[in-house]
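Here the structure is laid out as structure tokens; the discussion comes afterwards.
Computed from heavy atoms alone, side chains included, the values below leave out hydrogens, waters and symmetry copies. Just so you know, residue 1 is the first one in the sequence shown, and it goes up from there.
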Amino acid sequence: MSTVPAQAADIPPPGEIVTSPNVSHQGTLPKLPGLEPTVNTDIAFQDGYAYVGNYGGFSIYDIRRPNQAKLVSGIICPGSQMDVSVYGDLLFSAVDNSRSDDSCNSVAQGADVKESWEGVRIFDISDKKNPKYIKSVETNCGSHTLTLLPGKGRDRRNVYLYVSSYNPNTAFPDCQPPHDKISIIKVPLRKPTDAAVVATPVIFPDGGNETQPGLLLPTSGCHDITVYPEKNIAAGACMGDGVLFDISNPLAPKVTARVTDQNFAFWHSATFNNKGTKVVFTDELGGGSGATCNEATGPNRGADAIYDIVNGQLVFKSYFKISRYQADTENCVAHNGSLIPVKGKDIMVQAWYQGGVSFVDFTDSANPQEFGYFERGPEPDGGRGGIWSAYYYNGYVYATDYWRGLDVLKIEDSRTDPAKHVRVDRLNVQTQGSYPDRGRH
């Protein structure tokens, strides 16, 4: 079903939940006590547990029985954004907030101080009730996001982290311009305390997109990278540029295609379809704080851009943006989402901050269609809020609300019903894997 733009009178009252008929709200799981004042961010899944990042640390939830899901534990460890990935007994978190040191007792300290720290924290999560901080790795300009890439073959006892960061400044000793690169951390699974930066490949040797009018920031690295290890490809959302990589050599990703878009202010994230023949890029117009889901902004900015991959190149097909207008107080823009595993179809669920959660069929790249949604009315105080990430995992959608906690949603629709037969053990959304018709993956 295609939604109709909302008039002002159609905007729900503050905080009120509204859904399409095929979507139901199962409940909201609370944050770890102590994290209430800070913002929820990204999610990783493994063995029936959800790991939710937060500017102040992270929470662990037991979701093996979604209708009886519960908070298990977590850690107070400030340092935004704390985007997370998991692998085996390890959780990796990104810190892009300059700190006085690498500890969980650190305080914010300027990046112009040489001794300041930012980068990646590593936790042992083998005991879900008692996670332990075991290692930190400092990276240039910190770690705004991170992407986990498992080693292959003889290298399978290692994992790699592609660290995306940006905002260099001549006054920052560890974040000097032009910073057109990423950092790559190697983590030996048998001895994760030996994790270290092993490469800093330059992505834009001739400089990225720096002069386009309307850019939120000029390209100086990447905001986020999604890898598809089975196909040795990756897609980079790199501020002013969208790129494809060949990652057959994990330490030397090679740019194979690059595009810009006059309607994009900030290339934020990327999602491949299951076949690896399309990429959905998101534009975080307004940096996540702007009220851009309105008539004045229009349908082609702050939106998704859908590209087909043709002969190794990115070919633009269409934009998608939710058509339900939001109040002028509501931050709303394309944000984090994931595929829903329906064989032969290209379907995803996606967060839009205070625009809520949208279910989109982009099987026809030129004509994407929304067929379900969940949202709340504006934050009662008129401030920022909404859904940061919305991901499908084993029959349910889990969505991180800024302030409230972890929303659990369910969709009942003929388009998504086949996904109920697909089960995955681990899901780091920026580490895509192909899915089968049925059975485990």
Side-chain angles (χ1 to χ4, degrees), residues 145 147-153 155 160 162-164 180-182 184 199-210 212 219-264 266-283 303-320 334 337-339 341 343-348 360-368 428-435:
T145 62
T147 303
L148 189 144
L149 178 63
K152 296 181 179 180
D155 201 24
Y160 297 89
Y162 283 8
V163 173
S164 296
D180 289 320
K181 61 186 178 181
I182 64 172
I184 301 178
T200 53
V202 174
I203 306 302
F204 302 104
D206 299 320
N209 181 10
E210 300 177 356
Q212 175 184 314
T219 300
S220 60
C222 291
H223 176 272
D224 207 352
I225 295 172
T226 295
V227 295
Y228 202 151
E230 293 171 47
K231 300 182 182 295
N232 285 324
I233 56 175
C238 300
M239 305 178 69
D241 297 82
V243 301
L244 285 180
F245 297 96
D246 176 343
I247 57 169
S248 49
N249 179 350
L251 295 182
K254 179 182 178 182
V255 174
T256 57
R258 176 179 161 195
V259 290
T260 59
D261 185 331
Q262 292 297 312
N263 283 322
F264 261 45
F266 191 79
W267 296 70
H268 176 273
S269 53
T271 303
F272 287 104
N273 67 337
N274 190 49
K275 292 182 179 179
T277 57
K278 302 177 185 179
V279 185
V280 179
F281 287 104
T282 65
D283 172 24
D304 296 336
I306 302 169
Y307 286 80
D308 285 354
I309 302 174
V310 181
N311 297 322
Q313 298 303 300
L314 291 163
V315 178
F316 174 80
K317 301 301 290 186
S318 68
Y319 295 110
F320 170 79
S338 76
L339 288 184
K343 199 74 169 181
K345 298 288 186 179
D346 299 327
I347 296 176
M348 68 182 294
V360 185
D361 185 335
F362 64 103
T363 306
D364 180 350
S365 303
N367 294 286
N428 296 306
V429 168
Q430 290 77 28
T431 308
Q432 285 193 223
S434 64
Y435 47 78

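Considering CZ of R258 and CZ of F245, their distance stands at 10.5 Å, rounded to 0.5 Å. Rounding to the nearest 0.5 Å places CG of D224 at 7.0 Å from NE2 of H268. Going from atom NZ of K181 over to atom OG1 of T200 covers 4.5 Å, rounded to the nearest 0.5 Å. Going from atom OG1 of T226 over to atom CG of N428 covers 11.0 Å, rounded to the nearest 0.5 Å. Taking CD1 of I309 as the start and CD1 of I233 as the end, the distance is 5.0 Å to the nearest 0.5 Å. Rounded to the nearest 0.5 angstrom, L339 CG and I347 CD1 are separated by 9.5 Å.
Although no hydrogens or angles enter the test, the distance criterion places no donor-acceptor pair under 3.5 Å between the side chain of H223 and the main chain of A237. Proximity of a side-chain donor or acceptor of E230 to a complementary backbone N or O of S434 within less than 3.5 Å is detected.
The two residues F316 and A305 have their closest heavy-atom pair at CE1-CB, 4.1 Å. In this structure, A257 and L314 approach most closely via the heavy-atom pair CB-N, 4.3 Å. The heavy-atom pair separating G344 from T363 by the smallest distance is O-CG2, 4.3 Å. The nearest pair of heavy atoms linking F320 to P368 is CB-CG, 3.8 Å. Between I184 and P250, the closest heavy-atom pair is CD1-O, 3.5 Å. Of all heavy-atom pairs between A234 and I225, the closest is CB-CG2, 4.1 Å.
Remark: K275 NZ is loosely packed, at most 12 non-hydrogen atoms of other residues, nucleotides or ligands lying under 6.0 Å away. K231 NZ: more than 12 foreign heavy atoms inside a 6.0 Å radius.
In this structure the side chain of D180 never reaches within 4.5 angstrom of the side chain of I203, judged on heavy atoms. For the pair T271/Q432, a side-chain contact is recorded, criterion being any heavy-atom separation below 4.5 Å from C-beta on. Contact of the F362 side chain with the D304 side chain is not registered, since no non-hydrogen atoms from C-beta on lie closer than 4.5 Å. The shortest side-chain heavy-atom distance between T219 and W267 does not fall under the 4.5 Å cut-off. Within the 4.5 Å cutoff, the side chain of D261 has no heavy atoms near those of the F281 side chain. Put simply, the side chain of K278 does not reach to within 4.5 Å of the side chain of F272, judged on heavy atoms. The side-chain heavy atoms of D283 and Y319, taken from C-beta on, include no pair separated by under 4.5 Å. P341 places none of its side-chain heavy atoms less than 4.5 Å from the side chain of N274.
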Test log, rule side-chain contact (heavy atoms from CB on, under 4.5 Å), inputs V227 and T431: CA-CA 5 Å; V227 295; T431 308; 4.0 Å; yes
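With T145 as the fixed residue, the side-chain contact (heavy atoms from CB on, under 4.5 Å) test singles out one of S164, C222, S269: S164. When the options D308, N273, D346 are evaluated for a side-chain hydrogen bond (donor to acceptor under 3.5 Å, both in side chains) with S365, the one that passes is D308.
Residues N209 and T260 bring no donor and acceptor atom of their side chains to less than 3.5 Å of each other.
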